[in-house]
Each structure stands twice: as C-alpha cells, then as structure tokens.
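Treat the numbers as computed from the prediction; the structure is a model and nothing was measured. Letters A, B, ... are given to chains in the order of the sequence lines, protein chains preceding strands, and every chain is numbered from 1.
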Amino acid sequence: MNALKKLFVPIVKVQHQLTRNTFVSQIRNVNYISKAMPPLEEEGRERPEKSKWLAHNDKIYPPQTPDEERRPAFVCHVKKDIKYSPKKMWYIACFVRGMSVDEALIQLNYVPKKGVIAVRQAILEAQELAVENHNVEYKSNLWIAESFVNKGNYIKGIRRHARGRVGEVEYKYCNYYIRLEEGQPPANYYNKPVMDKEILLSKWIEQMRNRKVISSL
Amino acid sequence: MASLFNQFMKTAKINPAIFSKSALVFPTNCNTINRGYKHWNPKFKKLRAQKIIKVELPDPDIMNKSPEELTKEQIKKQMKERGILPSRPWNEKPVYISCTGGIFEPYVPPEGDGKVSAITTQGAKQKLEFIEKKSKSMMAIRKIRSFEEDFDIPEFINEAQQIYINSYSAMINKDRDKLIQNITERAYPEVVSNIADKTIHWEFLESIERPRIVHVRCTDVITKENIFSQITIRFHSKQKLAVYDRFGRLMHGSETLPKDVLEYVVFEKHLSNKYGRWRIHDKVIPDWMPPKEPLKKTYAIEPVPQHDSVEKAVAV
C-alpha cells in the first residue's frame with residue numbers, strides 16, 4: 001500500500017505556508033508577512049478528516065532555546081454557515097483585519113451591518129480558545145492576523161415571473177475564518193501612506209513651488 | 001427605583017463583559033440599516049411578496065451541531081416533526097475489572113521523610129513504627145508468593161524502577177500502547193490529561209537512596225479467588241523536567257536544573273490473572289507535603305454576583 005502511495009504522488013502540492021503568507025500579503029497590499037505559522041506536513045489531494053484550517057491548531061512546534069525569540073501563540077477559528085452573503089461579509093472581514101482584538105470589538109459596535117454579529121462572536125470565541133487551550137496569558141494581547149470569508153451552502157428558491165416563467169432566488173450562506181496571534185498588531189498594517197505634519201508641509205511647499213502663473217515672465 | 005438603578009450600575013462596573021456582550025444590539029445612532037431598501041409605494045407590497053415561493057431554511061441553532069451537542073428538547077422536536085419513534089435505550093454494558101479503583105489501606109509516610117536522620121529521636125521513632133507495621137506487609141508478601149513462586153524482593157525493586165522509567169518515557173513519547181502496559185486503567189486518564197499538545201523533556205539521573213518496599217497489601221474483588229495486590233515503593237531520586245507548550249515555549253521546569261524527588265509509588269498487579277503484570281497505579285501524596293509552587297500564569301478572577309443585595313433592592 002505504501003509503495004502504491006509513493007507511485008501516485010499528487011501532482012498539486014500544498015504551498016509552503018511562508019510563501020503563501022507572502023503571496024497573501026502581496027495581493028492584499030499589506031505591510032506584514034506572518035512568521036507564526038510554519039508549514040504543516042504536506043497533504044495530498046485526499047481531503048483531510050479535519051478541516052485544514054483547524055488542523056493548524058494541532059501542530060506542535062519544537063522547543064525553543066532560551067536565547068531564541070519567543071514564538072507568538074496563535075489560534076485558528078471558523079464560524080460556519082452564517083446566513084449572510086459572503087460578498088457583504090468581505091467588507092467586515094477586511095475592516096477587522098490587522099486590528100487588536102479590543103480595538104476590533106469597539107470598532108464593530110459602529111458598523112451597521114448584520115454580519116457584524118457573527119464576526120464579533122467568532123472573535124470572542126477565538127479569544128476564549130486562545131486563553132483556555134493555547135497558553136495565551138493575557139486575552140487583550142491578541143490581534144487579528146487573518147480574517148477572511150468564503151462561500152458556504154447556497155439554497156436555491158423560486159420566484160415567479162411574468163408569462164409563466166420562473167426566476168431563481170439564492171439564499172446565501174458564508175463561512176468566516178479568523179486567526180488571532182499573540183502580541184500587538186503591526187503599525188500601519190494596510191501600508192497606507194503616512195500623513196504627518198512634515199510630509200504634509202513638504203507636499204504643500206512643493207505644490208506652491210510648482211505653481212505656474214499664466215502669461216507671466 | 002433609584003437605588004435599584006444604582007445597584008445595576010455598580011454590577012455593570014464590576015463586570016464590563018455584560019456590556020460588551022450586549023453590544024450585539026447596535027448603538028442608537030446606527031439606525032441606517034434598512035435605509036433605501038423599501039419600495040416607495042407600499043400599495044402592492046402584499047402582491048410582490050406573493051411572487052416569492054417560500055423555502056424553509058434550516059434552523060441556525062441546529063444546522064452546525066452534531067447530535068451530541070443538541071439538547072434533549074431539540075432532538076425531541078426534530079423527531080416529532082419527522083414522525084420517528086424514540087429508540088429503546090441500550091442499558092447493558094460489559095464490565096471488565098482489570099484494576100481496583102484506588103489504593104486500599106494507603107501507606108502513611110512519616111513526617112519529614114527524606115530530611116530526618118535516623119540518629120535523631122524523631123528518626124528513631126519512625127524506624128520503630130515502620131517495623132511495627134511490617135507484619136501485615138509480610139503476610140501480603142506470602143500471599144503474593146502463593147501465586148508467584150519466584151517472587152524476589154530485590155529483583156522486584158529493580159523491575160519496579162524499570163517500569164517507573166518506562167512509563168515516563170512512554171508518556172513523553174505519547175506512546176499510548178506502551179503506556180497502558182506500564183500504567184493501570186485508573187492512572188491512565190490522570191497521566192494522559194493535558195499532555196496532548198505539550199512537549200516534555202524528562203531525564204532520570206540517579207537514585208539518591210536505593211528504592212525500597214514500604215507497604216504491601218492484598219485484597220479480593222467480588223469473589224474470594226480474585227485477588228489484587230498493591231506494593232508501595234519509596235523512590236528518592238534526582239530528575240530533570242522541562243515542559244514546553246504547543247509553540248515550544250517553556251512552561252514549567254528547567255532543561256538544566258536537576259531536582260531531588262521523593263515519591264511513594266503504588267504498583268498494582270492482578271494476581272489471579274495469568275497474564276497480569278505489575279503496573280503503576282497511583283502515588284501516595286502525604287498530608288505534610290509543602291504547598292505546590294503557584295501557577296506562573298496570570299488569570300482573572302471572575303466577580304462573584306451579589307445576590308443578596310440585589311434581592312433586597314428589589315424588595316425595597
């Protein structure tokens with residue numbers, strides 16, 4: 001059986017987690033590459049028993065020497081089949097990403113969307129998991145390192161149209177994934193241009209100097 | 001009324017979690033949720049609604065849960081809906097007793113063991129007591145010999161030490177098959193709990209004193225021929241222990257610092273069983289043992305709700 005397994009090596013290999021992280025930070029234009037999740041063992045095409053996302057929680061890392069930098073703890077969590085459109089949920093997922101947990105919980109109070117309830121629950125659940133099972137000392141010392149949505153089950157319904165025709169209604173569900181990491185969030189996670197007073201002043205001066213008075217000398 | 005309100009505010013201050021959880025309700029200034037979705041003319045609202053054929057969506061409370069997580073009422077409701085009769089409960093269970101449920105007549109270790117010298121009055125007293133209690137142990141050893149003819153005490157002590165070391169190494173390697181050969185079913189859950197995601201480094205350096213048998217007892221379970229025997233052995237040794245969490249960060253102990261360990265380990269064997277073997281059953285923890293080192297982790301103490309005062313306030 002093992003020889004057979006060796007013969008049929010799956011063609012598609014799972015990406016190295018670090019390359020995946022760099023890739024993700026590139027496409028999202030994010031000023032941060034996570035080092036907290038080194039790769040899991042390679043998995044073939046066969047679907048693993050547990051979801052791949054939650055399997056990250058079972059990986060045990062080798063002991064660190066005292067002079068090594070302390071590896072941050074992390075916890076992956078998922079909330080499945082939320083009755084909300086993944087397209088709408090995307091905005092909330094992006095909004096929360098890169099915030100500290102406390103900051104996110106405050107900010108979510110002021111987002112007038114239904115999906116917020118599920119996101120808030122997911123954050124609180126993940127926080128509790130981190131403290132209870134993953135040796136995180138302070139529950140405030142966590143930040144949202146990953147937060148994304150995908151499509152859940154869609155249930156199809158029917159809608160009556162004119163002339164005996166029918167239209168299709170989709171009742172949409174989404175899955176919300178979250179990963180909390182120990183520590184403070186990186187400054188300027190979304191790589192936004194910094195606008196402090198020096199930069200603003202230099203910009204203004206440049207703008208003034210570039211003025212052109214029409215039909216002057 | 002005002003006093004009630006004050007009381008409520010007080011409790012709110014103690015536990016801010018009440019507020020943060022109830023914040024699922026949106027703040028009053030966020031009343032923009034349904035803005036722009038309504039038709040300007042409500043005249044044909046009913047007819048528009050009739051266009052859509054209703055689909056029964058799954059209940060979000062039940063959808064994501066396995067049958068074990070559901071409450072009895074939820075299961076009952078679902079079964080009623082589908083017209084299924086409840087199955088007859090299966091109450092028969094096969095029982096196999098491979099070990100006893102605890103220590104019978106546990107050994108009481110003398111106070112200050114490992115520190116008191118035999119020359120002092122206290123030490124001498126301990127020695128005398130030890131000899132007094134020996135007769136019952138000798139009887140028990142004779143009973144063991146009736147099952148095992150070639151039971152030799154010094155040989156057994158060496159074997160016990162090997163079992164002790166084997167069980168620890170099996171625990172560290174998380175080798176559950178080997179572990180159950182060295183540990184009884186009673187001790188198994190205690191040993192296995194909380195080691196799943198830890199890395200443990202343990203080393204047995206040397207014995208400070210030779211391990212010795214301090215206590216032997218035999219008992220019968222259910223029938224007279226079904227005999228279990230327990231031997232308590234005193235180990236005084238030097239060991240190193242370091243426990244790392246899932247992320248490889250040191251949680252407890254040290255990789256370099258050896259510590260003196262004094263233990264009274266109870267071994268048990270099912271004598272009537274032809275294939276029985278000596279396994280670690282329990283450890284005797286004396287009453288005089290100094291309190292354990294406090295936890296290194298910070299944790300929040302949950303506030304105690306003041307029931308009495310709230311009731312009084314309601315009464316007022």
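Ion pairing between a basic and an acidic side chain is recognised when a charged N comes within 4.0 Å of a carboxylate O; A/Glu182 and B/Arg249 show such pairing.
Proximity of B/Pro60 to A/Lys83: side-chain heavy atoms (C-beta onward) are nowhere separated by under 4.5 Å. B/Tyr244 has its side chain out of reach of A/Asn135: every pair of non-hydrogen atoms, C-beta onward, lies at least 4.5 Å apart. Contact of the A/Asn153 side chain with the B/Pro58 side chain is not registered, since no non-hydrogen atoms from C-beta on lie closer than 4.5 Å. Within the 4.5 Å cutoff, no side-chain heavy atoms of A/Asp58 are placed close to those of B/Asp197.
Highest contact tally toward chain B, considering only A/Lys79, A/Glu68, A/Lys156, A/Arg70, is held by A/Arg70 [criterion: heavy-atom pairs under 4.5 Å]. Chain B forms more heavy-atom pairs under 4.5 Å with one residue of A/Glu137, A/Arg159, A/Arg160 than with any other, namely A/Glu137.
In this structure, B/Glu81 places its CD atom where more than 12 heavy-atom neighbours from other residues, nucleotides or ligands lie under 6.0 Å away. Other residues, nucleotides and ligands place no more than 12 heavy atoms under 6.0 Å from the CD atom of B/Glu73. Around the CD atom of B/Glu56, the shell of radius 6.0 Å holds no more than 12 heavy atoms that belong to other residues, nucleotides or ligands. For A/Asp196, the CG atom counts as densely surrounded, since its 6.0 Å shell holds more than 12 non-hydrogen atoms of other residues, nucleotides or ligands. Within a 6.0 Å sphere centred on CH2 of A/Trp90, heavy atoms belonging to other residues, nucleotides or ligands number 12 at most. Remark: A/Tyr171 OH is packed, more than 12 non-hydrogen atoms of other residues, nucleotides or ligands lying under 6.0 Å away.
Across every non-hydrogen atom of A/Gly157 and B/Val55, the tightest pair is CA-CG2, 3.7 Å. Scanning both residues, B/Lys297 and A/Val136, for their nearest heavy atoms gives CE-O, 3.6 Å. Between B/Thr298 and A/Tyr138, the closest heavy-atom pair is OG1-OH, 3.3 Å. Across all non-hydrogen atoms, the minimal contact from A/Tyr61 to B/Thr199 is O-OG1, 4.2 Å.
The contact between A/Ile60 and chain B is made by backbone and side chain atoms together, counting heavy-atom distances below 4.5 Å. With a threshold of 4.5 angstrom between heavy atoms, A/Val131 approaches chain B through N, CA, C or O but not through any side-chain atom. Looking at B/Glu255, neither its backbone nor its side chain comes within 4.5 Å of chain A, counting heavy atoms on both sides. With a 4.5 angstrom heavy-atom cutoff, B/Ala242 does not touch chain A via any of its atoms. Residue contact with chain B, scored on non-hydrogen atoms closer than 4.5 Å, involves the backbone and the side chain of A/Asn57 alike.
Taking CZ of B/Arg246 as the reference point, atom NZ of A/Lys59 lies at 10.5 Å (rounded to 0.5 Å). For the atom pair B/Leu250 CG and A/Thr65 OG1, the distance stands at 11.5 Å (nearest 0.5 Å).
Relative ring orientation between A/His134 and B/Phe247 is described as tilted, the plane-to-plane angle lying within the 30° to 60° band.
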Requested in this report: Start with the C-alpha gap between A/Arg71 and B/Asp245, add the side-chain angles, then the distance that decides, and say whether side chain to side chain contact (heavy atoms under 4.5 Å, CB included) holds.
Outcome: CA-CA 11 Å; A/Arg71 200 178 276 137; B/Asp245 69 354; over 6 Å; no

